[in-house]
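Below: the structure, in structure tokens.
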Amino acid sequence: MAATVFKQLGERIGTSPLAQRYRALPPLMQRLVAVASAVMSLTLVLALVYIYASPVIAAGILASILAGLATGAGALPALFVRDFSHRTLCIMLGGAAGVMLAATAFSLIVPGIQYGNQVWPGKGIFAVALGMMAGALFLEAADRLLPYERFLAEKGELIGSLRKIWLFIVAITLHNFPEGMAVGVSFGGGDWHNGATLAIAVSLQNIPEGLAVAMPLVGMGYDRRQAVLIATLTGLVEPLGGVLGLGMVSAFFPLLPLGMAFAAGAMLFVISDDIIPETQSRGKMRAATFAVMVGFIVMMILDNLFG
């Protein structure tokens, strides 16, 4: 019954004069109208939250959205790249691995232990250790159960490398969710200064992460716009975590250290099991090793300057 109602509603909307005028627009204008509509809708929602709920909650939602969109901004250089050699792809993967190793250490494990000690005094390290193993086991199960061949078969012989990159993307997405929760918890607790500082730090960290997602996808043959879109979507889980953190600070705060640890374990698993071995798959490549070092150092500096 419900499916029939939704189908009829969809047909009515699709045949409405407004929908017909939209379809008659050039593709570029359609995109601009869609973006403008999304921005206006978001502005209206935030205005209602600001007036009828709380200015702090409105600011927290906006901050988590902007932090998530920073991932897409970081991916924009992928729109201007050309074809990659295998050497270039391995260097990019090495840089991505370094970025995420630093994010795992300084954005997830260290604050996860700190939050854990607030929830369970003196036992935060054990909660983080447990969460990290759970994250690694989750990625192991995902690697075995997800039907990669069905979705990636058109890529032919590249399926092995694509599988590794998509596991990497899953891990990055997992890592962004507790970061969004942390921003939401900070604003939800009424601390504007700490919430804004954390949102800025997360945004700056997300810029290299977006590039780390998009560039390998382009190197594996994905359309450049599609690669940027995928990178942007990995960051847009942050507003979901932010809303949860804002709406139920006391309920979700105990989950924050476990969520950070879970994401850290997933990241470490995919980096050590797939990404770094892929950079050395055709023999030792010293340039890829240095790319790991450079990526780690850049992310470490960003995280500690603005974290």
Distance from I113 atom CD1 to F126 atom CZ, nearest 0.5 Å?
10.5 Å

For residues I91 and T279, determine if any side-chain heavy atom of one lies less than 4.5 Å from a side-chain heavy atom of the other.
no

Do L130 and V128 land in one hydrophobic cluster if side-chain heavy atoms of ILVMFWY residues count as linked below 4.5 Å?
no

Which pairs of donor and acceptor atoms, one on a side chain in residues 286-296, lie under 3.5 Å apart (sequence neighbours left out)?
from, atom 1, to, atom 2, distance (Å)
T289, OG1, Q280, NE2, 3.4
T289, OG1, M285, O, 3.4

Taking all heavy atoms of M132 and all of I109, pick out the closest pair and write down the distance.
CE-CD1, 3.9 Å

Closest contact, heavy atoms only, I125 versus N117
N-OD1, 4.3 Å

From L229 atom CG to R224 atom CZ, the distance as rounded to the nearest 0.5 Å
15.0 Å

To the nearest 0.5 Å, what is the distance between CZ (F106) and CE (M299)?
10.5 Å

Membership question, hydrophobic clusters at under 4.5 Å side-chain separation (ILVMFWY): are L108 and V110 in the same one?
no

Could you give the distance from CD1 (I271) to CD1 (I276), rounded to the nearest 0.5 Å?
6.5 Å

Side chains of residues 59-79: which donor-acceptor partners sit under 3.5 Å, not counting sequence neighbours?
from, atom 1, to, atom 2, distance (Å)
S64, OG, G60, O, 3.3
S64, OG, I61, O, 2.9
T71, OG1, G68, O, 3.2

With rounding to the nearest 0.5 angstrom, report the CZ to CG distance, F262 to L137.
9.0 Å

Of all heavy-atom pairs linking P257 and W120, the shortest is CG-CZ3, 3.8 Å

